[in-house]
Amino acid sequence: NSYFPVAPLGRDRTIMRVSDSSATSLVAAYNANGQIAARLPGFDYPAFAGSPDGTTVFFADSGAIWSMPIGGGPRRRLAEGNSVAPDPNGRYVVTEVIGDQGVHLLHVPLDGTAPHEIPVGGDMAIAPIALAPNAVAPDGRILVEVVSRASWFWPSAILDPKTGRLTIVPPGIAYDMTSAGWDTQGRVMTVVLGLEASLWRFRPEKQLGR
């Protein structure tokens, strides 16, 4: 069996969790033919992403984000976080921290310099839903799900990390959207869940007993 999510690893591979009767593993497979390129036995972390250069997997464990070589080896703690999305240019990762004080994002450089919090402006808050592995665009914009006072749905939005501005993506605040990420052509891809309802009133054709 395989499990959501799946994430790109470099330009030619995809990583996913798979399980059999014995254990769950992280598997890297070539996109062209499905051939397995690497396997990490015992990997059962639901939030993960692959590095753009194809050498590293990032994953969340016990409230922190870690990195590990895709071929196996020691892991390294990067920052706090519950999910992670790498910069497509390989310079940093964005981590999402879900805590008692709400949800916030961290910009975490991979050169070892200190992380800093990414500002979020306006009256919308980031929803406590994991970042997609491809949530960061090459220009730095970040796809998140948000909570709006104008709707009970959690739509996706584009966050400009320089200004903190959030822009709702179509079809708008009347829908839940999950797993929002960027494709290779710079388009937003997301799962949209709508809700429609009707109110009916029924009357008997005649009164009983008469």
Side-chain angles (χ1 to χ4, degrees), residues 5 7-9 45-53 56-68 75-151 153-170 172-173 175-191:
L9 179 70
Y45 306 108
F48 57 86
S51 66
D53 65 4
T56 304
V57 57
F58 307 104
F59 61 96
D61 179 27
S62 303
I65 302 300
W66 306 78
S67 67
M68 177 188 294
R75 67 184 192 174
R76 179 169 69 97
R77 189 185 188 279
L78 299 179
E80 62 179 326
N82 302 96
S83 63
V84 59
D87 160 39
N89 299 304
R91 299 165 299 182
Y92 61 90
V93 297
V94 172
T95 74
E96 181 185 52
V97 182
I98 303 174
D100 295 338
Q101 304 302 315
V103 181
H104 63 274
L105 303 178
L106 295 179
H107 175 109
V108 184
L110 295 177
D111 62 3
T113 54
H116 66 265
E117 186 169 348
I118 298 172
V120 178
D123 60 356
M124 291 186 292
I126 298 176
I129 299 177
L131 292 172
N134 55 337
V136 180
D139 63 4
R141 292 176 298 162
I142 307 165
L143 281 165
V144 294
E145 279 74 50
V146 295
V147 179
S148 169
R149 295 179 180 178
S151 174
F153 295 99
W154 290 359
S156 295
I158 299 172
L159 171 63
D160 184 336
K162 297 178 181 179
T163 64
R165 180 182 178 185
L166 287 163
T167 304
I168 300 292
V169 303
I173 64 173
Y175 297 86
D176 283 322
M177 304 179 206
T178 62
S179 307
W182 303 93
D183 71 4
T184 57
Q185 300 181 41
R187 298 173 299 188
V188 175
M189 306 292 289
T190 183
V191 177

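Below, all heavy atoms of this structure are taken into account, side chains as well, without hydrogens, waters or symmetry copies. Predicted model, so just to flag it, every value in this text is computed and none were measured.
- The two atoms that bring Pro133 and Ala49 nearest to each other are CB-CB, 3.9 Å, heavy atoms only.
- Formation of a donor-acceptor pair under 3.5 Å by the Ser156 side chain with backbone atoms of Glu145 is not found in this model.
- More than 12 heavy atoms of other residues, nucleotides or ligands shown are found within 6.0 angstrom of CG on Asp111.
- Residues Glu96 and Val103 have side chains in contact (heavy-atom distance under 4.5 Å, counting atoms from C-beta outward).
- Residues Leu78 and Thr95 form no side-chain contact, since every pair of their non-hydrogen atoms from C-beta on lies 4.5 Å or further apart.
- Ring pair His116/His107 is parallel by interplanar angle, where below 30° counts as parallel and above 60° as perpendicular.
- The distance from the CD1 atom of Ile65 to the CZ atom of Arg75 is 11.0 Å, given to the nearest 0.5 Å.
- Asp87 contributes atom CG, which lies 11.5 Å from atom OG of Ser51 (distance to the nearest 0.5 angstrom).
- Taking each heavy atom of Tyr92 and Pro109 in turn, the nearest pair found is CB-CA, 3.8 Å.
- Among all heavy-atom pairs drawn from Leu166 and Ala157, the shortest one is CD2-CB, 4.1 Å.
- The two residues Ala47 and Asn82 make their nearest non-hydrogen contact at CB-O, 3.6 Å.
- Rounded to the nearest 0.5 angstrom, Ile168 CD1 and Met177 CE are separated by 7.0 Å.
- Looking at every heavy atom in both residues, Arg76 comes nearest to Leu110 through NH2-O, 4.3 Å.
- Contact annotation: the side chain of Leu105 approaches that of Ile126 to within less than 4.5 Å [non-hydrogen atoms, C-beta and beyond].
- Between Pro155 and Val146 the shortest side-chain heavy-atom distance falls below 4.5 Å.
- Nearest heavy atoms, Pro161 versus Ile142: CB-CD1, 4.4 Å.
- Note that OG of Ser148 and CZ of Phe153 are 11.5 Å apart. Values are rounded to the nearest 0.5 Å.
- To the nearest 0.5 Å, the span separating OG1 on Thr167 from CE on Met124 amounts to 7.5 Å.
- By the neighbour-count criterion of 12 heavy atoms within 6.0 Å, atom CD of Glu117 is densely surrounded, having more than that number from other residues, nucleotides or ligands.
- Looking only at side-chain heavy atoms (C-beta outward), Ile158 and Trp182 come within less than 4.5 Å of each other.
- A donor-acceptor distance shorter than 3.5 angstrom exists from the side chain of Asn89 to the backbone of Pro138, with no hydrogens or angles considered.
- At most 12 heavy atoms of other shown residues, nucleotides or ligands fall within 6.0 angstrom of atom CZ in Arg165.
- Note that CG of Asp176 is 8.0 Å distant from CH2 of Trp154, once rounded to the nearest 0.5 Å.
- Looking at Phe58 and Val108, their side chains never come closer than 4.5 Å, going by heavy atoms from C-beta outward.
- For the pair Asn134 and Met189, the minimum side-chain heavy-atom distance is 4.5 Å or more.
- At least one side-chain heavy atom of Leu131 sits less than 4.5 Å from a side-chain heavy atom of Val144.
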Problem set entry | Criterion side chain to side chain contact (heavy atoms under 4.5 Å, CB included) on Tyr45 and Val57, from CA distance to verdict | CA-CA 11 Å; Tyr45 306 108; Val57 57; over 6 Å; no

